[in-house]
Amino acid sequence: MTRRHHAVTLQQASAESPTLHMLTALTRDSSERLKAIELLIPAGLRQSVQAGPIDGSTSCLLVKSNAAAAKIRQLLPALQAHLRSRGWEVNSIRLKVQT
């Protein structure tokens, strides 16, 4: 039996794999959440923040430094309220400092 390997796009692969499809959807959702709150984050900190994983009603933001995380932590209530006003069920936002 001869097996041919051919390249597939990420979109094709995610359509054929339920697990990959779910991960792709979560990644897209996480990026959309970050985009929705981006303007609430001070301009100087925006490059220090990346979208992180979503776990149920908990979102995660990946932050590049402890100093940036301290400032973002002060904004969490406003960020959560903004996401809820845009239709996302967000009970908490977790910050993870990337080292």
Side-chain angles (χ1 to χ4, degrees):
M1 180 163 150
T2 303
R3 190 169 171 178
R4 294 184 181 173
H5 297 281
H6 61 285
V8 295
T9 66
L10 178 58
Q11 190 174 27
Q12 290 171 323
S14 68
E16 295 173 8
S17 167
T19 302
L20 190 54
H21 180 72
M22 182 186 70
L23 289 173
T24 302
L26 284 172
T27 300
R28 187 179 312 112
D29 188 29
S30 182
S31 295
E32 289 172 1
R33 291 177 189 209
L34 178 59
K35 193 179 283 186
I37 61 171
E38 199 169 44
L39 292 177
L40 299 175
I41 298 172
L45 291 176
R46 287 181 195 149
Q47 290 188 330
S48 297
V49 181
Q50 294 178 319
I54 297 171
D55 185 16
S57 63
T58 301
S59 290
C60 179
L61 295 174
L62 307 176
V63 187
K64 291 185 180 179
S65 71
N66 286 323
K71 180 59 182 168
I72 299 294
R73 195 168 284 114
Q74 296 173 350
L75 301 172
L76 289 180
L79 300 178
Q80 287 173 283
H82 186 71
L83 287 172
R84 283 193 296 265
S85 75
R86 302 283 298 268
W88 280 289
E89 183 183 329
V90 178
N91 292 331
S92 66
I93 298 175
R94 190 170 53 95
L95 300 179
K96 183 171 182 179
V97 177
Q98 297 293 106
T99 54

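Sequence positions, counted from 1, serve as the residue numbers for this chain.
- Hydrophobic cluster membership differs between Val97 and Ile93, with clusters built from Ile, Leu, Val, Met, Phe, Trp and Tyr side chains linked at under 4.5 angstrom.
- Of the inter-residue distances, the one linking Asn66 atom CG with Arg73 atom CZ reads 8.0 Å to the nearest 0.5 angstrom.
- Residues Ser59 and Arg33 bring a donor and an acceptor atom of their side chains to less than 3.5 Å of each other.
- Residues Leu61 and Ile37 have side chains in contact (heavy-atom distance under 4.5 Å, counting atoms from C-beta outward).
- Here the CD atom belonging to Gln98 is positioned 11.5 Å from the OG atom belonging to Ser48, to the nearest 0.5 angstrom.
- Every side chain to side chain contact (heavy atoms under 4.5 Å, CB included) that Arg86 has, sequence neighbours left out, goes to Ala36, His82, Trp88.
- The SG atom of Cys60 sits 7.5 Å away from the CG atom of Leu95 when rounded to the nearest 0.5 Å.
- Considering only heavy atoms from C-beta on, Val90 stays 4.5 Å or farther from Leu79 through its side chain.
- Nearest approach of Ser92 to Thr58, heavy atoms of both residues: OG-OG1, 3.2 Å.
- Between Leu75 and Pro42 there is a side-chain heavy-atom pair separated by less than 4.5 Å.
- Atoms OG1 and CG, from Thr27 and Leu20 in turn, are 9.0 Å apart once rounded to the nearest 0.5 Å.
- Between Ser30 atom OG and Lys35 atom NZ the span is 12.0 Å, to the nearest 0.5 Å.
- Scanning all heavy atoms of the two residues, the minimum distance from Arg46 to Glu38 falls at NE-O, 3.0 Å.
- Considering only residues two or more places apart in sequence or on other chains, Glu89 meets the side chain to side chain contact (heavy atoms under 4.5 Å, CB included) condition with Ser57, Asn91.
- Hydrophobic clustering places Leu40 together with Val63 (ILVMFWY residues linked when any side-chain heavy atoms are closer than 4.5 Å, directly or through intermediates).
- Leu45 places a side-chain heavy atom less than 4.5 Å from the side chain of Lys71.
- Between Val49 and Ile72, the closest side-chain pair of non-hydrogen atoms falls below 4.5 Å.
- Side-chain atoms of Asp29 and Ile54, non-hydrogen and from C-beta on, do get closer than 4.5 Å to each other.
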